[in-house]
Number of protein chains: 2
Amino acid sequence: MAEIKLSKIQTVAPKNIDKEATKTKTIALIEEIKELQNVLMASAKKSLLVIIQGMDASGKDGACRNVFSGINPAGISVHAFKKPSDEEFAHDFLWRVHHVVPEKGQIKIFNRSHYEDVLIQRVHKWIDEATVKHRFDAINNFEKLLEQNGTKILKFYMHISPEGQLANLEERKVNPKKMWKHKDQDWKERELWKEYMTAYEDVFNNCSKVEWNIIPTDQNWYKEYLIAQKVRDTLKAMKLEYPKLVTAEPKPVATKK
Amino acid sequence: MAEIKLSKIQTVAPKNIDKEATKTKTIALIEEIKELQNVLMASAKKSLLVIIQGMDASGKDGACRNVFSGINPAGISVHAFKKPSDEEFAHDFLWRVHHVVPEKGQIKIFNRSHYEDVLIQRVHKWIDEATVKHRFDAINNFEKLLEQNGTKILKFYMHISPEGQLANLEERKVNPKKMWKHKDQDWKERELWKEYMTAYEDVFNNCSKVEWNIIPTDQNWYKEYLIAQKVRDTLKAMKLEYPKLVTAEPKPVATKK
């Protein structure tokens, strides 16, 4: 894979793409995903792990809500990674992550992930560069282990512009339904934009044995379309099938009430 | 609460209820639930635990899928209780249950629950009657603990007729999308119908400090309507509100890129 420079990648949809037509396509894709998820759960041989990374207010929650609502909740769950607890810090950085990977038949969404351990921790210099290299290795090996066990991994980076983030952060101050998401800290992290971009590029260039999907995120409708398309394509490529009937008694006798 | 006799309770919708009009109402209820769930998650002060019990093929999975699909998966998860593991059996029967109750802000669905420990285990006489009484007490105390901590509990019993179950079990043998659910064991359990009804009635009459909702289940559209209505009413009664803006810096300065 060619080296990724985020500044050279658009954060907006191409000009010739029609918004309404795209939204219609997304709805159809989500219907397909619902059906494919049923087979994934029924066959219970493989699983799907969707990793969503991105800056604060880059639209991770919205991607999760708008692409994955509608799926049978028995077959999907979301894990939002927060600051590690004392117990988690007392283990290696993958310990808490390993615990919540999807079991066979399930879709799991990671809202943030083990990549925070080579992003926020690196940007703030809480870890040294040797540790960063070790963690890149560990992540590649961890993802390989999961894939070898039947877990398909999809990694999405919410590629937002600084202006797009500013608009989203400002909205949290005025929209009563979004005020609960406002954190002063997000404004402080924003000052480290350049350092975060460099750290992300290093992630893309060192941890891409499992492909990264860089998603232009300034318009939600385009972001949701790209994610839905990738998820649909991935589930379809698994060539899942409903299991056949298993019974030792082809014709059970009528039973008493 | 008056003593419950399941044989005196209808498993079908009242004759004067219009199917199409009811389906339309259910769709509107689910839209309301989606909005209420957003506030539940944003406010993060209370949680909702939905317990779904019922005989094999009584429509527990369908209730879960059709009422709760559409909700933001970041705010809801389903726990399907199976046969306990060796580690779980080595603890008290509520140990594994306690571990998966909802945290504040979340909706959790239990597909089967701690009630199996006074149903299947009792019907098969794997436990004695003294243990059953102890467990009723323990369940009442456990549910009280949860409610005192802000977890509202909704208990639904999928009230199906033996004929309705037979039709559902037969469908699993011929519908390719449902064959994965077929288990010979379900036909064996069906022979214990009467014993199960007695055990359920005993549950309703001993563990009703938190109300049981007996849901006529022979028609899915009516079942889904009743459940959606109860969930909507319950979330609405919580009088949830979006949190106000919390910030130490009312007007953050413009930040560098």
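Every chain is numbered from 1 and lettered A, B, ... according to where its sequence line falls, protein lines coming before strand lines.
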Open item on the list: According to side chain to side chain contact (heavy atoms under 4.5 Å, CB included), who are the partners of B/Glu195, at least two apart in sequence or on a separate chain?
Closed with: B/Val123, B/Leu192

- [ ] For B/Asn175, enumerate each residue passing the side chain to side chain donor-acceptor pair (under 3.5 Å) test, keeping only those at least two apart in sequence or located in another chain.
- [x] B/Glu171

- [ ] Tell me, for A/Glu35 versus chain B, whether the close heavy atoms (under 4.5 Å) come from the side chain, the backbone, both or neither.
- [x] side chain

Open item on the list: Regarding B/Lys223 and B/Asp218, does a basic nitrogen lie under 4.0 Å from an acidic carboxylate oxygen?
Closed with: no

Open item on the list: Checking an interface table here. Which of residues 51-73 of chain A come within a heavy-atom distance under 4.5 Å of chain B?
Closed with: A/Cys64, A/Arg65, A/Phe68, A/Ser69, A/Gly70, A/Ile71, A/Asn72, A/Pro73

Task: B/Lys46 (side chain) donor-acceptor with B/Lys104 (main chain) under 3.5 angstrom - done: no

Task: Among B/Ala44, B/Pro176, B/Ser43, residue most engaged with chain A (heavy-atom pairs, under 4.5 Å) - done: B/Pro176

Open item on the list: Closer than 3.5 angstrom, by distance alone: can the side chain of A/His114 be matched with the main-chain N or O of A/Val97 as a donor-acceptor pair?
Closed with: no

Open item on the list: Working note: A/Tyr115 + A/Lys155, criterion side-chain hydrogen bond (donor to acceptor under 3.5 Å, both in side chains); need CA distance, chi angles, decisive distance, verdict.
Closed with: CA-CA 10 Å; A/Tyr115 284 102; A/Lys155 303 193 286 198; 2.8 Å; yes

Task: Considering all heavy atoms, the nearest A/Lys183-A/Trp187 contact - done: O-CD1, 3.7 Å

Task: Most contacts with chain A, counted as non-hydrogen pairs under 4.5 angstrom, among B/Lys177, B/Lys244, B/Met179 - done: B/Lys177

TODO: Among A/Glu189, A/Glu201, A/Arg190, A/Arg122, find the residue that satisfies the side chain to side chain donor-acceptor pair (under 3.5 Å) test when tested with A/Tyr196.
DONE: A/Glu189

Task: B/Thr217 side-chain N/O to B/Ile215 backbone N/O, donor-acceptor pair under 3.5 Å - done: yes

Open item on the list: Report, in residue-number order, which members of residues 75-86 of chain A are under 4.5 Å from chain B by heavy-atom distance.
Closed with: A/Ile76, A/Val78

Task: Pair A/Tyr225-A/Lys23, side-chain donor/acceptor within less than 3.5 Å - done: no

TODO: Carefully, step by step, assess A/Ile214 and A/Phe204 under the rule side-chain contact (heavy atoms from CB on, under 4.5 Å).
DONE: CA-CA 9 Å; A/Ile214 315 285; A/Phe204 301 145; 3.6 Å; yes

